[in-house]
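Worksheet: the structure to be examined is printed underneath.
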Amino acid sequence: QVQLVESGGGLVQAGDSLTLSCTVSGRALNNYITGWFRQAPGKEREFVAAINWEADAMIYSDFVRGRFTISRDNAENTVFLQMNSLKPEDTALYFCAADRTIYLRRESREYDWWGQGTQVTVSS
C-alpha cells in the first residue's frame, strides 16, 4: 500500500508564490516517477509536471513552464512543486501521483497511486 499526501496549498494573490509538497509513504518504493496534476471546477484533470527518480529529468506542461519547478528529496520521500508568478487561472485542486516506471508520463491514467489533493486559490 502506497500513500501520497499533499500539503502547502492556500489562498494567495496573483503574482505570489507557493510551494506544494507531496510525501510518499507505505511499502518500500523506489525508482518511481512522481507527477503533479490539477483540476479546476468543471474541468478535466490536467498534467502539470513530472520528475523521475534520479531527479535529472523533468517535464512540464506549456502553461507552467518557466513559472513552476518540480523537485524531489528521496531521502525524505517528498516531491515539491515550486509555483511562482501565480495567476488566477492556476486556481485548482492540485494532486500528486506516483508510478513505478522510469518513463516520465503526462497521462493521468498511467499513474497508479494518487493523493487526495491540496487546494490552490489565486485571487486577482
Next item on the list: Please report the shortest heavy-atom distance between Ala40 and Thr91, naming the atom on each side.
Entry: CB-O, 3.7 Å
Next item on the list: Please report the C-alpha distance between Asp16 and Val122 in whole Å, then the side-chain angles of each, then the deciding distance to 0.1 Å, and finally whether the side-chain contact (heavy atoms from CB on, under 4.5 Å) criterion is met.
Entry: CA-CA 8 Å; Asp16 285 351; Val122 185; over 6 Å; no
Next item on the list: Enter the distance from Glu6:CD to Cys96:SG here, rounded to the nearest 0.5 Å.
Entry: 4.0 Å
Check: Do Phe95 and Trp36 make the cut of ring centroids closer than 6.0 angstrom?
Finding: no
Margin query: Quick check: is Phe68 connected to Phe47 through a chain of hydrophobic side chains (ILVMFWY, heavy atoms under 4.5 Å apart)?
Written below: no
Check: Would you say Tyr60 and Thr69 make side-chain contact, with heavy atoms under 4.5 Å?
Finding: yes
Check: Roughly how far apart are Phe80 CZ and Thr23 OG1, rounded to 0.5 Å?
Finding: 7.5 Å
Note to self: Would you compute the distance between atom CD of Gln3 and atom OG of Ser25 and round it to the nearest 0.5 angstrom?
What the structure shows: 4.5 Å
Next item on the list: Verify the cluster assignment for Ile70 and Val24: are they in a single hydrophobic cluster under the rule of side-chain heavy atoms below 4.5 Å apart?
Entry: no
Next item on the list: Quick one: sort the Phe37 and Trp114 rings into parallel, tilted or perpendicular, breaks at 30° and 60°.
Entry: tilted
Next item on the list: Please confirm whether the backbone N or O of Ser85 pairs with a side-chain atom of Arg67, one donor and one acceptor, at under 3.5 Å?
Entry: yes
Note to self: Minimum heavy-atom separation for Asn52 and Leu104, please, with both atom names.
What the structure shows: N-CD2, 3.4 Å
Item checked: Pairing of Arg109 and Glu107 as salt bridge, 4.0 angstrom limit -> yes
Checklist line | Pair Arg105 + Asp99, salt bridge at N-O below 4.0 Å | finding: yes
Next item on the list: Check each of Leu20, Leu93, Asp90 against Arg38 using the side chain to side chain contact (heavy atoms under 4.5 Å, CB included) test, and report the only one that passes.
Entry: Asp90
Margin query: Could you tell me if Arg72 sits above the aromatic ring of Tyr32, with its cationic atom closer than 6.0 Å to the ring centre and no more than 45 degrees from the axis?
Written below: yes
Item checked: Rounded distance (nearest 0.5 Å) linking atom CE of Met58 with atom CZ of Arg65 -> 13.0 Å
Next item on the list: State the CG-OG distance between Leu86 and Ser123, to the nearest 0.5 angstrom.
Entry: 10.5 Å
Next item on the list: Could you tell me which non-hydrogen atom of Thr78 sits nearest to which non-hydrogen atom of Ser21, and how far apart they are?
Entry: CG2-CB, 4.2 Å
Checklist line | Donor-acceptor under 3.5 Å (Thr118 side chain, Gly9 main chain) | finding: yes
Check: Can Leu4 be reached from Ile33 by stepping across I, L, V, M, F, W or Y side chains whose heavy atoms are under 4.5 Å apart?
Finding: no
Next item on the list: Let me see the working for Asn84 and Gln82 under side chain to side chain donor-acceptor pair (under 3.5 Å), right down to the final yes or no.
Entry: CA-CA 7 Å; Asn84 299 325; Gln82 172 69 42; 2.7 Å; yes
Next item on the list: Decide if atom CD of Glu46 counts as having more than 12 heavy atoms of other residues, nucleotides or ligands within a radius under 6.0 Å.
Entry: yes
Check: Is the count of non-hydrogen atoms from other residues, nucleotides or ligands lying under 6.0 Å from Glu54 atom CD greater than 12?
Finding: yes
Note to self: Can you give me the closest heavy-atom contact between Tyr94 and Val48, atom names plus distance?
What the structure shows: CE2-CG2, 4.4 Å
Item checked: Verify same cluster id: Val12, Phe63 (apolar side-chain graph, 4.5 Å) -> yes
Check: Nearest 0.5 Å, what's the CD-OG distance between Gln13 and Ser124?
Finding: 9.0 Å
Margin query: Under the criterion side-chain contact (heavy atoms from CB on, under 4.5 Å), I'd like the reasoning laid out for Val5 against Gln116: C-alpha separation, chi angles, the key distance, then a yes or no.
Written below: CA-CA 7 Å; Val5 178; Gln116 295 299 307; over 6 Å; no
Check: Are any non-hydrogen side-chain atoms of Ile59 and Arg106 less than 4.5 angstrom apart?
Finding: yes
Margin query: Please find the pair of heavy atoms, one from Tyr111 and one from Gly35, that lie closest to each other, and give the distance.
Written below: CE2-N, 3.7 Å
Notebook entry, point to check: When hydrophobic residues are tied together by side-chain contacts of less than 4.5 Å, even through go-betweens, does Trp53 share a cluster with Val2?
Noted result: yes
Margin query: On a heavy-atom basis, which atom in Ala14 and which in Pro88 lie closest, and how many Å separate them?
Written below: CB-CD, 4.1 Å
